[in-house]
Chemist: 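One structure follows; several queries about it will come next.
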Amino acid sequence: MNNKEGNNKRGGARPAGSRPNSNKPKPAMQKRAQGPKKAKPTAKIEEADKVVKKPNQVAKRLKEKDEIRLNKYISNSGVCSRRDADIYIQSGNVKVNGVPVTEMGYLVKPTDVVNFDGKVLTPEKKVYILLNKPKNFTTALDEGQEYRNVLELVKGSTTAKIAPIGRMDKNTTGLLLFTNDTDMIRKFTLPNQKSSKIYQVSLDKNLKFEDLEKINKGLVIDGHRVFVEDVSYIENEAKSEVGLKLRSANVKVVRSIFEQFSYDVLRIDRVSFAGLTKKNLPRGNWRLLTDQEIINLKNV
């Protein structure tokens, strides 16, 4: 045999598929060494299962039918607002069934006896009455017998102890709201209230256009800034008849605005109060507010 040929046979490349197959089984591959399985974190579950109780914490109970909060019960009785009721409760001046209660959010039933500062309370249902006030009636109680009080005009409308929202003198007419809701009375007497009132004002002479423009920009009265939403002449009327829109429910403010420019105010008629109007309400008559009107008043 030629050595060269033999060397070629030994060193030459084998054709594909010519590798001899071995019948010996291959050793199994060793598995990697694995440590113990890590436990999944259960901290969140454990924290959720834990109930942290504060010392002396009273478990809250579900509100039962006809139950109301103690501060609302007191407010419904007409003695003060809910906010003031909270102060009385915290100070220990309120008892329920003879036991002092200082807990905020305490629930009472209609059958419970609530003693407020030494007086047993009787809660009243909230009442809202709208009056179209005529002349020669006043909201004041200290003007003697010359002028009658506006409460005479709504006498018999309810047995609840109601009061007017805001003041009106004998010459002022128009919408006047009565209620026993002390929270609402307080709301509409605050200086920063957001509800609009519209007044028709009769002056002793025509309002100059330049004065109208000055009023429309707002002015300062007794050191307080008065913001006027709108002022305009009333269509098809003399220039002495003026419409005024502002947020104040104080009629004295309306009078003072025109007196600043040397006008005498002869009459003031409130034609709109926080969205309520005189529609279908003749002068001297009253009516109960609808449920929707009450909701609107509470949301303005």
Side-chain angles (χ1 to χ4, degrees), residues 66 68-69 71-85 110 122-135 137-139 149-169 172-201 227-232 234 243-254 267-300:
D66 297 332
I68 62 173
R69 288 176 175 267
N71 61 352
K72 184 177 180 181
Y73 185 101
I74 295 171
S75 175
N76 287 355
S77 67
V79 295
C80 66
S81 66
R82 291 194 198 183
R83 183 178 298 180
D84 291 337
T122 303
E124 293 180 325
K125 182 182 178 182
K126 291 291 185 289
V127 179
Y128 306 88
I129 299 171
L130 186 65
L131 170 72
N132 188 352
K133 177 189 170 300
K135 288 181 64 176
F137 285 84
T138 176
T139 56
N149 190 273
V150 290
L151 288 172
E152 295 181 30
L153 298 169
V154 292
K155 187 177 181 181
S157 60
T158 178
T159 56
K161 187 178 179 181
I162 58 175
I165 295 180
R167 296 181 179 181
M168 276 192 175
D169 56 34
T172 304
T173 59
L175 298 178
L176 183 60
L177 186 62
F178 295 80
T179 183
N180 58 343
D181 187 341
T182 54
D183 290 329
M184 184 169 289
I185 292 175
R186 181 178 179 274
K187 172 182 178 178
F188 283 108
T189 51
L190 290 174
N192 59 346
Q193 60 182 296
K194 298 180 180 180
S195 61
S196 300
K197 291 86 182 171
I198 300 176
Y199 301 87
Q200 180 174 340
V201 184
F227 294 95
V228 176
E229 294 183 58
D230 190 25
V231 59
S232 61
I234 295 179
L244 182 69
K245 182 179 181 181
L246 70 166
R247 294 178 179 178
S248 177
N250 190 344
V251 178
K252 288 185 177 180
V253 174
V254 178
R267 289 178 300 276
I268 299 175
D269 186 32
R270 185 188 284 157
V271 297
S272 175
F273 182 95
L276 301 172
T277 67
K278 298 192 296 181
K279 185 179 180 181
N280 299 325
L281 189 63
R283 188 84 74 199
N285 288 23
W286 60 267
R287 68 172 178 84
L288 295 173
L289 296 191
T290 65
D291 291 340
Q292 187 59 52
E293 287 173 331
I294 296 171
I295 292 172
N296 294 342
L297 283 180
K298 291 182 177 181
N299 292 330
V300 293

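Heavy-atom basis, side chains included; hydrogens, waters and symmetry copies ignored. Just so you know, these numbers come straight off a predicted model, no measurement behind them.
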Chemist: Quick check against the 3.5 Å criterion: does S81 have a side-chain atom that pairs as donor or acceptor with the backbone of T182?
Modeler: no

Chemist: Could you measure the distance from the CZ atom of F273 to the CD1 atom of I198? Nearest 0.5 Å is fine.
Modeler: 12.5 Å

Chemist: Please step through side-chain contact (heavy atoms from CB on, under 4.5 Å) for the pair I295 and N299, ending with a clear verdict.
Modeler: CA-CA 6 Å; I295 292 172; N299 292 330; 3.5 Å; yes

Chemist: Restricting to ring-ring contact (aromatic ring centres under 6.0 Å, His included), what partner residues turn up for Y128, sequence neighbours left out?
Modeler: none

Chemist: Quick check on K72: does its NZ atom have over 12 non-hydrogen neighbours (other residues, nucleotides or ligands) under 6.0 Å away?
Modeler: no

Chemist: What do you reckon, is CG of D291 surrounded by more than 12 foreign heavy atoms closer than 6.0 Å?
Modeler: no

Chemist: Identify the heavy atoms of T139 and G166 that sit nearest to each other, and give their distance.
Modeler: CG2-O, 4.1 Å

Chemist: Given 3.5 Å as the limit, does a donor-acceptor pair link the side chain of T173 with the main chain of K133, or not?
Modeler: no

Chemist: Could you walk me through whether F188 and V300 pass the side-chain contact (heavy atoms from CB on, under 4.5 Å) check?
Modeler: CA-CA 10 Å; F188 283 108; V300 293; 3.9 Å; yes

Chemist: What is the distance from atom OG of S195 to atom CG of N296, rounded to the nearest 0.5 Å?
Modeler: 12.0 Å

Chemist: Run the side-chain contact (heavy atoms from CB on, under 4.5 Å) test on L288 and I129 for me, step by step, so that the C-alpha distance in whole Å, both residues' side-chain angles and the decisive distance to 0.1 Å come before the verdict.
Modeler: CA-CA 5 Å; L288 295 173; I129 299 171; 3.5 Å; yes

Chemist: Is the backbone N or O of A85 less than 3.5 Å from a side-chain atom of N71, with the two atoms forming a donor-acceptor pair by type?
Modeler: no

Chemist: Testing the basics here: between T158 and A160, what is the closest heavy-atom pair and its distance to 0.1 Å?
Modeler: OG1-N, 3.0 Å

Chemist: In Å, rounded to the nearest 0.5 Å, how long is the span from NZ of K135 to OG1 of T172?
Modeler: 10.0 Å

Chemist: What closest approach, in Å, do L289 and L177 show between heavy atoms, and which atom pair accounts for it?
Modeler: CD1-CD1, 3.9 Å

Chemist: When rounded to the nearest 0.5 angstrom, what is the spacing between CD1 in I185 and CD1 in I165?
Modeler: 5.5 Å

Chemist: Quick one: closest heavy-atom pair of L175 and M168, and the distance?
Modeler: O-CE, 3.1 Å

Chemist: With a sphere of 6.0 Å drawn around CZ of R83, does it hold more than 12 non-hydrogen atoms of other residues, nucleotides or ligands?
Modeler: no

Chemist: How many angstroms lie between atom CG of L176 and atom CG of L153, to the nearest 0.5 angstrom?
Modeler: 9.0 Å

Chemist: Do I162 and N180 pass the side-chain contact (heavy atoms from CB on, under 4.5 Å) test, and can you show the C-alpha distance, the side-chain angles, and the key distance before you say yes or no?
Modeler: CA-CA 4 Å; I162 58 175; N180 58 343; 4.3 Å; yes

Chemist: Check for a donor-acceptor pair, side chain of K197 on one end and backbone N or O of R270 on the other, with a separation under 3.5 Å.
Modeler: no

Chemist: Checking the side chain of K187 only, and the main-chain atoms of K298 only, is there a donor and an acceptor separated by less than 3.5 Å?
Modeler: yes

Chemist: Quick check for you: to the nearest 0.5 Å, what is the distance between K125 atom NZ and T159 atom OG1?
Modeler: 11.0 Å

Chemist: Check for a donor-acceptor pair, side chain of N285 on one end and backbone N or O of L281 on the other, with a separation under 3.5 Å.
Modeler: no

Chemist: Specify the closest pair of heavy atoms between S75 and D183, including all atoms of both residues, with the distance to one decimal.
Modeler: OG-OD2, 3.5 Å

Chemist: Identify the two heavy atoms, one from G174 and one from K278, that lie closest to each other, and give their separation to 0.1 Å.
Modeler: CA-CD, 4.4 Å

